[in-house]
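In what follows, a single structure is set out as structure tokens and then discussed.
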Amino acid sequence: MLPNPLSLAANRTIRRGIVASAVVIAAALGATGRVLAQGTPAPPRTMFVAVSDSVHLEVVDWGGEGPTLILLTGLGHTAHVFDGFAPRLTSYLHVMGITRRGVGASSRPKNGYDTTTLVHDIVAVLDSLGLAKASFAGHSFAGSELSVLAARFPARVERLIYLDSGFDYRQMLDRIGVATALGSPQPPPATYHLPPWTVADWTLYAERSSGAGFPPSEVRQMSQVGPGVGPGDVIQGPATDPEVLRAMLAGIEPAPLTAIRAPTLAIYAVPTSAEVMYPSWYAFDDSARAQGQRVYSAVSAEHAVQRARFHREVAGSRQVIITGARHYVFLTHPGEVANEILSFMLSK
């Protein structure tokens with residue numbers, strides 16, 4: 001797992017850039033679940049929704065019947081990061097996802113990356129889809145959007161689910177610094193191939209970094225992909241401008257936690273040591289282990305402070321702590337997370 005509260009994509013993009021040096025970072029919507037032969041979930045349906053005259057956002061629909069749950073992603077990710085997880089919920093919920101501006105197939109305007117604008121985009125999607133309100137689950141960076149959305153537009157929010165994101169990101173980054181939050185050591189590059197990296201290479205490296213493999217559909221959305229000379233498509237570069245990710249980080253607003261009134265579930269991944277936090281700890285040299293221990297100590301201490309504050313200030317919120325889990329908790333522990341989401345969403 002990445003020990004920071006932000007996503008692998010953002011981490012690697014901001015620090016080094018995707019590709020050879022290492023990884024840095026329609027159709028109408030349906031209302032029912034879709035399954036292929038042998039029980040394999042069908043690809044989700046997508047559409048593009050206008051949130052302003054010049055900005056269109058990708059909306060992904062995995063189908064299902066029941067209460068509507070909209071999934072929001074970590075920094076640098078698209079809604080397709082949930083392609084493998086969302087079908088676990090569609091027997092009981094209608095599950096959709098939004099790819100925020102500047103990322104993936106959504107529009108890439110020059111500005112509008114502050115929390116207020118990103119939240120207005122979410123409300124505009126609800127309006128376009130004819131949804132008076134919905135429930136939301138947000139991973140990582142999306143926690144800042146969930147908090148502001150619930151505080152400023154309470155009538156549009158049914159329930160909130162924070163996926164290792166129940167923090168005040170503005171306060172946390174100001175206290176520990178972006179360099180610490182994004183300073184995780186990464187696995188040494190593989191020795192069995194030379195650049196350019198293929199989609200398969202990128203996926204394996206991401207799994208070694210985060211402890212969870214991203215769906216191939218997400219890898220392709222995060223990257224510029226072209227045909228290779230040998231087998232497998234080649235990663236040609238990041239699909240998202242690193243300046244956009246920097247603007248999102250700079251635009252994070254303080255979380256108005258005491259103003260949240262919606263029923264709230266916060267699921268936290270809590271690794272018990274630096275060794276647990278980093279899947280490739282066994283391969284780190286002494287320098288990387290020392291760096292990893294420093295980051296683990298700083299981030300885990302701050303996370304504990306943030307969890308306590310969230311529990312104290314979000315009235316009636318419920319916390320679930322998955323000990324030994326990593327940041328991409330919905331990928332590393334999908335069964336546990338799906339169970340908690342369904343129990344919460346379908347409770348009275």
Side-chain angles (χ1 to χ4, degrees), residues 1-7 10 67-75 77 79 81-82 85-86 89 93 95-98 100 115 118-119 122 134-154 156-173 181 248 252-271 299-300 302-323 325-334 336-345 347:
M1 151 181 174
L2 293 178
N4 57 74
L6 306 174
S7 73
T68 298
L69 177 65
I70 296 178
L71 304 179
L72 304 176
T73 76
L75 189 67
H77 280 291
V81 75
F82 295 110
F85 175 73
L89 307 175
L93 305 173
V95 186
M96 307 171 74
I98 301 172
R100 65 176 60 84
T115 306
L118 296 177
V119 166
I122 296 170
S135 295
F136 297 86
H139 176 241
S140 194
F141 173 84
S144 58
E145 295 167 327
L146 293 185
S147 297
V148 171
L149 174 67
R152 298 182 188 171
F153 299 93
R156 311 305 298 269
V157 177
E158 193 74 52
R159 299 184 182 217
L160 294 175
I161 302 167
Y162 291 79
L163 301 175
D164 208 32
S165 61
F167 312 108
D168 182 334
Y169 282 95
R170 181 73 280 142
Q171 181 186 75
M172 181 159 57
L173 292 180
M248 289 182 185
I252 295 175
E253 300 172 19
L257 299 180
T258 57
I260 297 173
R261 294 292 179 267
T264 299
L265 168 66
I267 300 175
Y268 292 102
V270 180
V299 174
S300 61
E302 180 62 24
H303 278 197
V305 171
Q306 292 287 330
R307 289 195 301 271
R309 180 189 167 194
F310 191 92
H311 184 67
R312 182 174 65 250
E313 296 189 6
V314 181
S317 60
R318 177 170 180 261
Q319 292 193 358
V320 171
I321 293 178
I322 302 181
T323 304
R326 299 186 175 105
H327 183 50
Y328 287 88
V329 64
F330 65 96
L331 295 177
T332 62
H333 291 68
E336 292 88 337
V337 172
N339 175 70
E340 294 296 339
I341 288 176
L342 291 172
S343 297
F344 174 72
M345 286 290 297
S347 63

side-chain contact (heavy atoms from CB on, under 4.5 Å) involving Val320 - partner list, sequence neighbours excluded: Leu265, Ile267, Arg318, Ile322, Glu340
Under 3.5 Å donor-acceptor, Arg326 side chain and Thr332 backbone: no
Taking the side chain from Tyr169 and the backbone from Gly143, do they hold a donor-acceptor pair closer than 3.5 Å? no
Sidechain-backbone polar pair: Gln171 side chain, Pro254 backbone, donor-acceptor under 3.5 Å: no
So which atom in Ile161 and which in Leu146 form the shortest heavy-atom distance, rounded to 0.1 Å? O-CD1, 3.4 Å
Taking C-beta and beyond as the side chain, do Tyr162 and Val314 meet within less than 4.5 Å on heavy atoms? no
Backbone N/O of Ser144 and side chain of Ser147: donor-acceptor pair under 3.5 Å: no
Run the numbers on Thr68 and Glu158 for side-chain contact (heavy atoms from CB on, under 4.5 Å), then give the verdict. CA-CA 9 Å; Thr68 298; Glu158 193 74 52; over 6 Å; no
Can you list every salt bridge (Lys or Arg N to Asp or Glu O under 4.0 Å) pair that touches residues 140-152, not counting sequence neighbours? Arg100-Glu145, Arg152-Glu253
Indicate yes or no: at least one non-hydrogen side-chain atom of Pro256 is less than 4.5 angstrom from one of Val148. yes
Near-ring test Tyr268/His311, centroid separation under 6.0 angstrom: no
Look at the side chain of Arg170 and the backbone N and O of Ile252, then say whether any donor-acceptor pair between them is shorter than 3.5 Å. yes
Gap between atom OG of Ser165 and atom CD of Gln306 - 0.5 Å precision: 12.0 Å
Contacts of Phe330 meeting ring pair (Phe, Tyr, Trp, His ring centres under 6.0 Å) (sequence neighbours excluded), chain-then-number -> Phe82, Phe85, His139
So, taking the atom named CD1 in Ile122 and the one named CD1 in Ile70, what distance separates them when rounded to the nearest 0.5 Å? 8.5 Å
Under the side-chain contact (heavy atoms from CB on, under 4.5 Å) test, residues paired with Glu313 that sit two or more places apart: Leu257, Thr258, Arg309
Can you tell me how far the CG atom of Leu163 sits from the OH atom of Tyr328, to the nearest 0.5 Å? 12.5 Å
Gap separating the CD1 atom of Ile341 from the CG atom of Leu71, nearest 0.5 angstrom: 7.0 Å
Pairing residues for Ala262 by the side-chain contact (heavy atoms from CB on, under 4.5 Å) criterion, not counting sequence neighbours: Val157, Leu160
For Arg261, the side-chain contact (heavy atoms from CB on, under 4.5 Å) test, sequence neighbours excluded, returns none
For the CD atom of Gln319 and the CZ atom of Phe310, what is their distance to the nearest 0.5 Å? 7.5 Å
Check whether any side-chain heavy atom of Phe136 sits under 4.5 Å from a side-chain heavy atom of Arg159, and report yes or no. no
